[in-house]
Amino acid sequence: LASASDYPVFIREVDRTTRRELCFVGGSITGAGISRTWARWHKSTAMVAYGPGFTVVGTRFDNQGDGIDFEGVRATDWRIDGVEMTNIHDDCVENDEMNTGLITDSLFDGCHSGISAASWGGGGLPDGTDNTITIDRTLIRMQPMEVYKGTSPGHGGLFKFSLDPSIQGRAPSLVIRNSIFRVDQPPNYSDVGIPSYVNEAGVRVRYPIECENNTMVWLGTGPFPGWLPPASSSPRKSRPISRPSAWPGTRRGRSSKRGT
């Protein structure tokens, strides 16, 4: 599907007994040849899905605003499997209702912002305290592009999570396994490390996270501009590595392998 529509695929619940556990398989949603300002991209999403248990399998997204938006409090237990995203000008995945979700075997090769979990008003403040976003066997690269604040090209954070639960709700916990992340430069906003929030006592704390066998590829200058969880075994810091084959072009970089 090549479309200049703001919402090429929109799957809404008719009522609470319909469209449960739907699965969207294959295909591509592309915006080939479309050029927009960031403000314009910010008002578009390739796929909007309502309802519980929605799964996206093997679909390709290119040159879009948001990639997939799991919309509404009932968009629980979503899943992304074998999905490829490139040139995503806002959030690769939007989960602003703070629901539980799973991302597996996917390649997000060019995100302005990685995973969003921050409510922006309306309908109360969602609470993801008991929910978890799991990322397994997935590669995510932040891509410098036009931004809404600061110098372009730039990008946001890997995890655009709520900074203050009293204003934006509380984001879910994280489980990250067997995955690779790449960052080429410091973010213009948000965090390329593990996100944090201000609790009721006014203290900044990290969102709960479990990690196993992950690698952060940092190709910028100086130390990595974010916090990574300590490794449970000997971490390998700033060692030269070959760039993963999914990212052709760059020959050498530096990685910090944490949370192994």
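Only this structure's heavy atoms are used, side chains among them; waters, hydrogens and symmetry mates stay out.
- Proximity of a side-chain donor or acceptor of Gln185 to a complementary backbone N or O of His155 within less than 3.5 Å is not detected.
- Within the 3.5 Å criterion, the main-chain N or O of Val147 finds a donor-acceptor partner in the side chain of Ser152.
- The nearest pair of heavy atoms linking Met47 to Ile29 is CE-CD1, 4.1 Å.
- The pair Arg137-Asp105 meets the salt-bridge criterion, with a side-chain N (NZ, NE, NH1 or NH2) lying under 4.0 Å from an Asp/Glu carboxylate O.
- Taking every heavy atom of both residues into account, Gly156 and Met142 meet most closely at O-CE, 3.8 Å.
- When atom types are taken as modelled, the side chain of Gln64 and the backbone of Asp62 share a donor-acceptor pair closer than 3.5 angstrom.
- One N or O on the side chain of Ser179 and one on the backbone of Arg177 form a donor-acceptor pair closer than 3.5 Å.
- Minimum heavy-atom separation, Val56 to Val83: O-CG2, 3.7 Å.
- Just one of Asp191, Ile115, Ile209, Ile133 meets the side-chain contact (heavy atoms from CB on, under 4.5 Å) condition when paired with Phe159; it is Ile115.
- Aromatic pair Tyr197/Tyr207: centroids less than 6.0 angstrom apart.
- Here OG of Ser106 is found 10.5 Å from CG of Asp136. Values are rounded to the nearest 0.5 Å.
- In this structure, His89 has its ring center no closer than 6.0 Å to that of Tyr148.
- Using a 4.5 Å cut-off between side-chain heavy atoms of Ile, Leu, Val, Met, Phe, Trp and Tyr, with links allowed through other members, Leu174 and Met98 fall into different hydrophobic clusters.
- Taking 4.0 Å as the cut-off between side-chain N and carboxylate O, Lys43 and Asp6 do not count as a salt-bridged pair.
- Side chain of Asp96 to backbone of Ala118: a donor-acceptor contact under 3.5 angstrom is found.
- The side-chain heavy atoms of Cys92 and Ser113, taken from C-beta on, include no pair separated by under 4.5 Å.
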### Task
Could you check Phe61 against Ile68 for side-chain contact (heavy atoms from CB on, under 4.5 Å), going step by step and ending with a plain yes or no?
CA-CA 9 Å; Phe61 300 80; Ile68 305 172; 3.7 Å; yes
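- Under a hydrophobic-cluster definition in which Ile, Leu, Val, Met, Phe, Trp and Tyr are linked whenever side-chain heavy atoms come within less than 4.5 Å, directly or via other members, Leu22 and Phe24 are assigned to the same cluster.
- Once rounded to the nearest 0.5 Å, the distance linking CG of Leu228 with CG of Asn214 reads 10.0 Å.
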### Query
Run the side-chain contact (heavy atoms from CB on, under 4.5 Å) check on Ile176 and Phe181 step by step: do they pass?
CA-CA 11 Å; Ile176 307 176; Phe181 305 86; 3.7 Å; yes
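- Phe161 and Phe70 fall within a single hydrophobic cluster, where Ile, Leu, Val, Met, Phe, Trp and Tyr side chains are chained together by heavy-atom contacts under 4.5 Å.
- Here Thr30 contributes atom OG1 and Asn63 contributes atom CG; the two are 8.0 Å apart, rounded to the nearest 0.5 Å.
- Counting only distance, with no hydrogens or angles, the side chain of Thr37 and the backbone of Arg40 share a donor-acceptor pair below 3.5 Å.
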### Query
Hey, mind stepping through Asp90 and Lys160 against side-chain contact (heavy atoms from CB on, under 4.5 Å) and telling me if it holds?
CA-CA 11 Å; Asp90 200 0; Lys160 189 175 78 177; 4.2 Å; yes
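- Between the side chains of Asn99 and Asn131, not a single donor N or O lies within less than 3.5 Å of an accepting N or O.
- In this structure a side-chain-to-backbone donor-acceptor pair under 3.5 Å is missing from Ser116 to Glu94.
- Between Val217 and Ile180, the closest heavy-atom pair is CG2-CG2, 3.9 Å.
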### Task
Begin from the C-alpha positions of Thr55 and Val57 and carry the test side-chain contact (heavy atoms from CB on, under 4.5 Å) through to its verdict.
CA-CA 6 Å; Thr55 299; Val57 180; 3.5 Å; yes
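- In terms of modelled atom types and a separation under 3.5 Å, the side chain of Asp91 and the main chain of Val93 share no donor-acceptor contact.
- Here CH2 of Trp41 is found 5.0 Å from CZ of Arg36. Values are rounded to the nearest 0.5 Å.
- Side-chain polar atoms of Arg60 and Thr86 form a donor-acceptor pair below 3.5 angstrom.
- Residues Val203 and Ile194 share a hydrophobic cluster, clusters being chains of Ile/Leu/Val/Met/Phe/Trp/Tyr side chains in contact below 4.5 Å.
- Outside the 6.0 Å centre-distance limit, the rings of Phe54 and Trp78 are not counted as a close aromatic pair.
- Using modelled atom types, one side-chain atom of Gln168 and one backbone atom of Leu163 make a donor-acceptor pair closer than 3.5 Å.
- With salt bridges taken as basic N to acidic carboxylate O contacts below 4.0 Å, one links Arg141 and Asp109.
- Here the OG1-CG distance, from Thr215 to Asn178, works out to 10.0 Å after rounding to the nearest 0.5 Å.
- Residues Trp227 and Ile140 share a single hydrophobic cluster, defined by chaining ILVMFWY side chains whose heavy atoms lie under 4.5 Å apart.
- Asn95 approaches Pro172 most closely through the heavy-atom pair ND2-CG, 4.1 Å.
- Taken from CG in Asp77 to CZ in Arg79, the straight-line distance is 11.5 Å, to the nearest 0.5 Å.
- Of the N and O atoms on the side chains of Asn87 and Gln143, at least one donor lies less than 3.5 Å from an acceptor on the other residue.
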### Task
Under the side chain to side chain donor-acceptor pair (under 3.5 Å) rule, what do Asp81 and Thr104 come out as? Steps first, then yes or no, please.
CA-CA 5 Å; Asp81 184 26; Thr104 55; 2.9 Å; yes
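- Here the side chain of Trp218 pairs a donor or acceptor atom with the backbone of Gly222 at under 3.5 angstrom.
- For the pair Met145 and Gly110, the tightest heavy-atom approach, listed with the atom from each and the gap, is CE-O, 4.4 Å.
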